[in-house]
Each structure stands twice: as C-alpha cells, then as structure tokens.
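Quick caveat, the model's predicted, so the values are computed rather than measured.
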Amino acid sequence: MSGKSGRVRESDFKYYEREYYKDLKDGYYKLEISKSSYRCPFCRENDYSLSELLKHALRFERYSRTMRIKELAKHSALQLYIERHLGVDNRSEKVADDRPRNAILDGAGKVVHDKSENVVNDRPVSIGNVENRSENVAKEHLFVWPWVGVVGNIVTEFKDGRRVGDSGANLRDEFTRKGFHPMRVHPLWNRYGHSGFAIVEFSKDWEGFTNAMNFERSFEAEHCGKRDYYISRNRGNKLYGWIARDDDYHSKTIIGDYLKKNGDLQSVSEKQAEEKRKTSLLVFDLTNTLKVKHEKLEQVSSKYDDVNVALNRVMNEKEAMIESYNNEMKKMRQETRQNWETIYVAHEKARLDLRAQRKILEDREKDLQRCQVQNENERKKLDLEKKNKEKQKMHKKILQLQKKLDAKQTLELEIQRLKGALEVMKQLVEDDYEEQKKLDEIKVELQDKEDELNEHEDLQQALVVRERKTNDELQDARKELLLWLRNSNSNRATIVVKRMGELDEKPFVGAARRKFSDDEADVRAVELCSQYEAYLRDPNWHPFKVLTDKEGKAKEILDEEDEKLRYLKNEFGDEVYQAVTTALMELNEYNPSGRYPIPEMWNSKEGRKAALNEGIAYLIRQWKVSKQRKK
C-alpha cells in the first residue's frame, strides 16, 4: 500500500509541475514588476531580483516533508522557467544557510540527503560521471520532451486546391514494423495543405528515448539524417528523420511552432536528475509513510493486546453464560417434561370427560328427537282439536240456521194448512154465515202469517246486506286509520302501527358491540339479524310444542330447547332471545301460514292490540289538538 501511495504522489507532482511550467511559458503568471524587480506569482512576495527569486524557488526543496505537493510543484516549475527561459543560473551562489541548498531535511531540520553531491550547474548528473562530464555540461544537447522525432520530405501532391500527403497512421505502422514503436505520427499542415513534415511521438519514459535515438540512427545510417536533409540538393522521394533538439525547438518554422506548443527542452542529465529527485522524494515519503505505518502498527498492537484481554474476559463470561444457559435449559426441559406429563394427564381426563359428555349429549339428542316426535304428534292433535272446534262452531251455526229454517218451514206449513183449511171451508160452508165468518178469520190469520214471513225474509236479507256493508266500511276505515297512523310519525303516540312478526334490530346491535370490536360490530349485527329474519320466514322452522291442560284442551307454547333459540340465548343474551321469540309468537298468532309481518293497530302504552274504536278516539283527540293549535 505504501509503494502505491508513493507512485500516486510522484505522478501528482509530475503533473502539477508540468502544468504550472506550461502556464509560466504561456504568460499566464506575471513575474516582472519593473526592469529590476520581480515577484513570486505563487507566494505574492514582491521586490526580488532574478537570482533572489531563483533562491526563493530553490528554498522550497528543503521543506519537502512539510510542504504540500502542489506548492513544491509550483516552485519547481518556477525554478525551471527561470533557468531555461530567463537565462539565470545559481552556480556561484548559495542559499543563506549553513545547510547545502539542495539538501532534503527531515522534521527536525537534519539533512537526510544532500543532492548537491550529484549536481553540476544545478542539474543532477550520474555520480560516476561527475568528474568527466562537469566541463561538458554546458555543451550537452537539449532534447524536446516528451521525446519526439521529425520526419521530412514526405511526398505530397496537389489535389482539390491544396497539397495532400501520406497519413500519419500509415507512417506510424511503417515505423512500428521497423521496431521504433511510436505512439502516434502527427502530420504538420499549413495554409497550403500538407507541409511535407510530420512529428513522431514516442513514449515519455527511457524506452521511448531509446526508440527515438534508434529512429535517428536508422535514418543517419541511410544518409537520411538531419544534416543530410539540409545539405542535400536532390532529396528525391526518400524520407528524412531525426530526433527533435533545441535548434528545432527555437526554429521559426512550423516545426518550431508545434514543438513550443506541445513540448519543452530538457537534457538527458536534467531528466535523470529530475527522476532522481522525484525518486528521492518518493523514498523520503515512503520512509515517512513507513514510520507512520510503524507507529500505527504499534498502536494497533497495543489495541490488539487490549482487545485480546477484553476478548479473554468476554470468552470467560461467554463460557459462564453457556454453562448458565445449559443449566437453565436442563431445568426448563425438566419443567417442560413435568408440564407435559401434567398436560397429558389433564388431556386424558378431558378426553374421558368429553366422551362422557358426548354420551350425555347423545342421550339428550335421542330425548329431543323423541320429544320432537311427541311435539309433532301433539301439534297434529292440536290442529285436529282446532278443526273440531271450528266444526263445532259450524255445527252450532248450522243448528241455529236449521232452527230458523225449521221455524220458517213450520210457518210455511202453517200457511199451507191454513190455505187448505180455507179451501175446505170455502167448499163446505158457502151458505153458513158462522162458518163464513170463521173462514174470513182464517184468511186474515193466513194473511198475517204470510206478511210475517215476508217481513222475516226482508229483515234477514237487509241484515245480511247491512252486515256486509258494515264490515266493508270497517275494513276501509281500519285501512285509512292505519295509513294515517303510519304518516303521523309521533314517537309519543299511544296508538301506533306495529308490524306483527317483525324483528327488532336494536338488541342485535347492542349484543354485537358487546361481543365484537367497533370496526366489525355493525356488520356482524346486520348479518345475525338477517340470518334470524330468514329463519322466521322459513315455514319449516316451527319451534313450538303442544301441551294439554287439565281440561284436556291443547295449547301451543314456545320450545325453549330449540337449538337455534338456545344458541341465540347463550351467545348473545336475553335481549336478542326475547326479540326473536316475540316475533315468533306474533307470527304464529297473526300470520301462521304466510310467515311474514302484517300491520296492526297497537296500544303502545298497554302493550296490546288496539280496538278500532280506540284508534278512532285517538284520531279525534289528535284532530281536536291540531284544531286548537291552528287557532
């Protein structure tokens, strides 16, 4: 992990140094205040000479441990810009400090590494070649970096108003086949089209530099190098190539413009020194990282010891808990076994009790079935007695009618007898005055008897017609009175209309709210009420039994042992039970055959059926009260 962190930091430093150096070249940052005064564009410190500004930039290398990477990269780029573009060198001066000016310091200010041992003219060089190359550093070639080559004399032709030539991809493939491994080939274009030149870009590492040098040597071996290109008078169609150097960089051609825009000048020793400096920073950073990691390791080790002690304590507590748990589980198993045995014994006892209860219920069912058969027989007997009573009434009525008929027949016979006697008397006593007088008396009596008979028949017919008319008028009056009572809607009325056999819903709502939750009480009340309304309409449900009193008369009473009624009473209470039995009794009395409610005048005060005269009296009272209110 530490090595990876060091590579990332080195890459960051390289990136920031290149970006800030490019900004300085492009004039984004201004150094010059006046002809002799300069400032640091990153610290905003003013009034430096160029040499002092260079010392200021070099001073930041000594504090590399405490400085951020971006600050180091800014001042490293400033140093390179002053040395390369402003022509200021710091070979003969030292930073005002007793330490070497290229030293890397640790946090306490001690020298960790002195770079001045490997530096000539402020540029790092190989340690083994310091003595041999110190005199030739100023003459060392400067190359364009990133490493690039130049290809010239590319064949072009005039086409469509401009010059065109071979593409960069074809040239890159050709150079790749020769083993130079370029990254890309970029043809250079001007206002006339293809300029005949191309830039060959190699990788930025030392392998790329080696490929670039081999690229140049290959062309030089064929006498197609840079010098050959400029002295040759007849180049033909041959390609010329070389590695880009400082003279190409500073040339006033399209090649120089491209190189200034996309590269920088750097010698091999400078590149080596830069990499060595970055390597030193990387090693130093890795050393510090290792030290920090070691301190963290010690902290982690200390924490590990603490955690290990705590873990041992927890493990001991865990073992104690496991032992306690096992003991508790053993105790629970024993208690469970005892409870299971107790439950088993209770279950067996309950099973035997249920078997006995089942036997009792079966016996009771047989008794109920026997009682049901007996009740059915009693009911049939009661129906027979009702029919006999009706026959007796009809017989009495027939006897009365027979008596009337006999009286009528006797009267008619008497009339016939008198008529016969009259005829006889007419034939026997035509000349006898006394007999004639008796005959007249018989005629008068006969006429009276006939008149009496006619009067009886007329009276009987008039009474029958009047009775029928009166009954019709009473029924019409009763219907109108019932209609008026329905429309009066008075809660405090004495005479009201009651639907005989209709089920009262209020007890069902109260019982459902006591038994169920508020959310389902109303629904359950409606369901239960609808269920028993259906039972009431069912002619097959007749929960009555017939009893015979001391006088031998049969009487129908409610069967309280009926399964539906018993369930209703046990589950929902007496109020619901009373509502259902009241509706049953009313249906059995008022409409036993139809089994549907019928309207009837009802005396709500006394709880009984109201007579027609009571309804009429109530109507008259209400009419008088209404009349007084209008006045």
Side-chain angles (χ1 to χ4, degrees), residues 1-23 40-45 54-81 94-119 122-127 204-206 266 269-315:
M1 292 296 292
S2 61
K4 183 177 179 180
S5 175
R7 287 195 298 273
V8 171
R9 293 196 65 189
E10 178 186 5
S11 177
D12 291 344
F13 177 85
K14 185 177 181 181
Y15 170 77
Y16 288 129
E17 183 186 47
R18 182 172 67 253
E19 291 298 318
Y20 285 116
Y21 179 71
K22 184 178 178 182
D23 291 341
C40 175
F42 307 117
C43 299
R44 303 301 180 186
E45 296 182 8
L54 180 59
K55 291 177 183 179
H56 168 76
L58 290 170
R59 191 177 297 120
F60 277 81
E61 288 187 352
R62 301 185 309 163
Y63 304 103
S64 59
R65 185 179 184 276
T66 58
M67 278 289 180
R68 292 184 300 175
I69 291 177
K70 187 176 287 190
E71 294 297 325
L72 291 173
K74 288 178 180 179
H75 290 82
S76 177
L78 178 62
Q79 173 191 349
L80 294 174
Y81 179 76
K94 292 183 180 180
V95 178
D97 198 333
D98 294 336
R99 307 181 186 89
R101 67 183 178 91
N102 288 319
I104 298 176
L105 307 180
D106 61 8
K110 296 179 63 178
V111 176
V112 177
H113 178 63
D114 184 4
K115 297 196 295 181
S116 62
E117 296 176 357
N118 303 332
V119 174
D122 292 330
R123 294 183 174 86
V125 296
S126 176
I127 297 176
K204 298 179 181 180
D205 53 13
W206 291 112
Q266 200 169 42
S269 59
E270 285 178 336
K271 186 62 179 174
Q272 289 175 337
E274 179 183 353
E275 291 191 356
K276 188 170 183 179
R277 179 178 61 186
K278 292 177 181 178
T279 303
S280 299
L281 289 173
L282 177 61
V283 170
F284 183 70
D285 287 343
L286 290 175
T287 303
N288 291 335
T289 302
L290 183 62
K291 182 178 179 181
V292 172
K293 294 293 182 182
H294 181 69
E295 292 175 354
K296 288 185 178 179
L297 179 62
E298 291 181 350
Q299 294 175 0
V300 171
S301 299
S302 177
K303 289 182 180 179
Y304 170 78
D305 294 337
D306 296 340
V307 171
N308 191 31
V309 172
L311 182 62
N312 290 332
R313 183 170 63 253
V314 170
M315 290 300 295

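- Here the two rings, on Tyr81 and Tyr20, have centers that are 6.0 Å apart or farther.
- Heavy-atom minimum distance, His75 versus Ala57: O-CB, 3.5 Å.
- Applying the side chain to side chain donor-acceptor pair (under 3.5 Å) rule to Asp205 yields the partners Ser203; only residues at least two apart in sequence or on another chain are considered.
- When all heavy atoms of Ser76 and Arg277 are compared, the pair lying nearest together is OG-NH2, 3.3 Å.
- A donor-acceptor pair under 3.5 Å is formed between the side chain of Asn312 and the backbone N or O of Asn308.
- Comment: Glu17 does not engage Lys14 in a salt bridge, judged by the lack of any side-chain N to carboxylate O separation of less than 4.0 angstrom.
- The distance from the CG atom of Leu58 to the CD atom of Gln79 is 4.0 Å, given to the nearest 0.5 Å.
- Shown here for Phe42 and Lys74, the closest heavy-atom pair between the two residues is CE1-O, 3.3 Å.
- The OG1 atom of Thr289 sits 9.0 Å away from the NZ atom of Lys296 when rounded to the nearest 0.5 Å.
- Residues passing the side chain to side chain donor-acceptor pair (under 3.5 Å) test with Tyr21, sequence neighbours excluded: His85, Asp264.
- Taking all atoms of both residues into account, the shortest heavy-atom contact from Ile69 to Tyr16 is CG2-CD1, 4.4 Å.
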